[in-house]
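One structure is given here, and the rest of the page talks about it.
Proteins come first, then strands; the chains are lettered A, B, ... in the order of their sequence lines, and each starts at number 1. Values below: every heavy atom of this structure, side chains too, minus hydrogens, waters and symmetry copies.
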Number of protein chains: 2
Amino acid sequence: MREVAKRSGVSLQSVSNVLNGRTSQMREETRLRILQSIRDLNYQPNVQARGLRLQCTKTMAFLTIDPAVRFLSDPFHVAILSGMVDTLRQQDYGLLVQGFHPDQAGGGFRRLVHQRRFDGAVVHLSGSPDRRSEHIEELKSTGCPFVLIEDRAEASTAACVLADNRGGAAAAVALLQAEGHQQIGFLATDRLWPAVEKRITGYEEAIRTSGGRWSQVWGVDRETVEGARSRVEAILRDDPAVTAILCANDVLAVGAIQAAKQLGRKVPTSLSIIGFGDNDIAQHLDPPLTTVALPGVEMGGRAAELLLAYIQNGKFDAPEVVFPTKLIRRGSA
Amino acid sequence: MREVAKRSGVSLQSVSNVLNGRTSQMREETRLRILQSIRDLNYQPNVQARGLRLQCTKTMAFLTIDPAVRFLSDPFHVAILSGMVDTLRQQDYGLLVQGFHPDQAGGGFRRLVHQRRFDGAVVHLSGSPDRRSEHIEELKSTGCPFVLIEDRAEASTAACVLADNRGGAAAAVALLQAEGHQQIGFLATDRLWPAVEKRITGYEEAIRTSGGRWSQVWGVDRETVEGARSRVEAILRDDPAVTAILCANDVLAVGAIQAAKQLGRKVPTSLSIIGFGDNDIAQHLDPPLTTVALPGVEMGGRAAELLLAYIQNGKFDAPEVVFPTKLIRRGSA
DNA sequence: GTGAAAGCGCTAACAA
DNA sequence: TTGTTAGCGCTTTCAC
């Protein structure tokens, strides 16, 4: 910057003014001269120095708590990130990605915030509601603005972006009941994600309010296709009267389909399966997966927008944004 | 930090010394007192200020050129990122993610580097070899260390991480020829990724050296399942004598399988299909996809390690790291 | 062993 | 309209 000033024969301040658009009371000629020097020297302001002064980083973070080292293998996370990237790149904001192991998450958030690595964060928590509350309190106490995905927080520095998981689960149950299913089970992940909790709630409510007599939630310890397959095989052997399974996500649904094949149960005639997520794979399975679509990309994009607006105006446009979910009927139910 | 110093009754300097391990000539007692204050105050050094002084950011970047806004939907990118995240989080390094549109990439790299947002970058380029060379020159000229994925660069500030794509393609061709196939085609993406180029080269070499008479490379403009499906349908209608297709990636292979089904050609008996990547979906397709596995996670991890070592020692441990690929035989060939 | 002073690159407040 | 000064939080050099 000093170079630019020297080259244009002006002070550092004037250069700074041009860069920040404070150009109202400056001679057009000077402005152009400075602009030219900037271009000649290929100058770019140092975000670090600028940030130190302005107390901002031009960076947004995506934080999650996931026991899996490869937390990016969760397609929902990737969708959120894609949405964020898209919004942020238009504003010259960078995206910092960080996943925490459940055990380290405690001090982890606080540490990162104190390091001043970002101006705001989109956060996707997991764990028991109590644990999550603790984390939310911790985030609040940092003063750093954040947007929760699929979770709620009462705070002026927080907002949340949710999908209508309960509605989605209810729609899925309704479809299955309309097809005459009496024993509809729910295959859940052991790790508690807030969205999964809501899907379970939606499922149970739907069964109850429709006068259904039978409901059952099973857990899968390994959240993989293999894990789901072996679990579902055991379930079906145990209780062959189960005719429909609503799965907490599409990956589990893939495992469920495999289990059905393994046991010689035709999908959907002998066993109906519905997933959650509408991942890329869903429509290419055999049979194509009936699933509740989640607008992950849109959610990530909106979360980033909310954060950006907070940084500009000091408050959130909306404390809460709810996205609809949509049951996509294909061949598995 | 000022707080910590005051609380411990020492100078800022001493606190800084403790934080940076320059503790050799300091009374143990003082050291412990400072450490305690740090803990009491929950102090974390401000990476921004520290970085400004030290000219480093404790952040690494992943940069790619991908026309798709959702460049993260490429499973290979996600794998690279996963590997990087894993390595970086152990070193308290952050990960910055940025995708460029081919048209903006030109100045984009330079801009980011000049902004001093990161200490090094893992870069996955695409485009024609000439274009890529330009970008590599630009990266070199910034002086910022970088590791190329699937591409080469001669520079002291650069290293590269490659997979044996040629070998993988050759193995795939060998398998198909051993099964008696005479007309093996290659389904490529229109967008030129260096890895795809190498797969094509490997394919053509293998056909030639084995005395094969027929070879053909088709391009797919839309890199989606749909795009591949319609392209392959046209291809097969045009020349039904084609009995095997080697696809540039697994997504295209999914489309090819669908096309085969559409035309009533059984896979693998009437049409053999091999993919590249071994994505999560591959083994859950019907039939399970025979594919050349790429160690994306390992490559990303190694790339980050190389960069980290460069930052410490001022030079790369190795100018080039090559990973093997592995043909995984399943049901589609 | 510890403290004081300078400066990384930038911007806000004030002075000219 | 433009230039000067101070300071963001940290580390480094040098003096004590």
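At most 12 heavy atoms of other shown residues, nucleotides or ligands fall within 6.0 angstrom of atom CZ in R116(A). Heavy atoms from other residues, nucleotides or ligands lying under 6.0 Å from CD of Q36(A) number more than 12. More than 12 heavy atoms of other residues, nucleotides or ligands lie within 6.0 Å of CD in E320(B), so this atom counts as buried by the packing criterion. No more than 12 heavy atoms of other residues, nucleotides or ligands shown are found within 6.0 angstrom of CD on E154(A).
Residue contacts shown for S14(A) are limited to sugar-phosphate atoms, with no base heavy atom under 4.0 Å away. At a threshold of 4.0 angstrom between heavy atoms, the contacts of Q48(A) with the nucleic acid are absent.
If you measure from atom CD of Q55(A) to atom C1' of dG7(D), you get 11 Å, rounded to the nearest angstrom. In this structure, the CG atom of N46(A) is 18 Å from the P atom of dC8(D), given to the nearest Å.
Distance CG/D119(A) to OH/Y93(A): 4.5 Å, rounded to 0.5 Å.
Across every non-hydrogen atom of H77(B) and D66(B), the tightest pair is CE1-OD2, 3.5 Å.
Shown here are the salt bridge (Lys or Arg N to Asp or Glu O under 4.0 Å) partners of E223(B), two or more places apart in sequence or in another chain: there are none. Take K140(A) and apply the salt bridge (Lys or Arg N to Asp or Glu O under 4.0 Å) test, not counting sequence neighbours, and it matches E137(A).
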Can you give each donor-acceptor pair under 3.5 Å made by side-chain atoms of residues 14-23 of chain A, sequence neighbours left out, with the distance rounded to 0.1 Å?
from   : atom 1 : to     : atom 2 : distance (Å)
S14(A) : OG     : S11(A) : OG     : 3.4
N17(A) : OD1    : Q13(A) : NE2    : 3.4

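A rotation axis mapping the C1' atoms of four pairs onto the next four is fitted at both ends of the helix from dG1(C)-dC16(D) to dA16(C)-dT1(D) over five pairs, and the angle between these axes is 50° to 10 degrees.
Neither OP1 nor OP2 of dT1(D) sits under 4.0 Å from any side-chain N or O of T30(A).
A nucleotide of DNA chain C counts as in contact with chain A when one of its atoms lies under 4.0 Å from a heavy atom; the first and last such, 5' to 3', are dG9(C) to dA13(C).
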Taking protein heavy atoms under 4.0 Å as touching, what does nucleotides 11-16 of chain D look like 5' to 3' if B marks base contact, S marks sugar-phosphate-only contact and - marks none?
BBB---

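For the pair T59(A)/R117(B), a side-chain contact is recorded, criterion being any heavy-atom separation below 4.5 Å from C-beta on.
Among F62(A), W193(A), F146(A), F71(A), the one residue that satisfies the ring pair (Phe, Tyr, Trp, His ring centres under 6.0 Å) test with H124(A) is W193(A).
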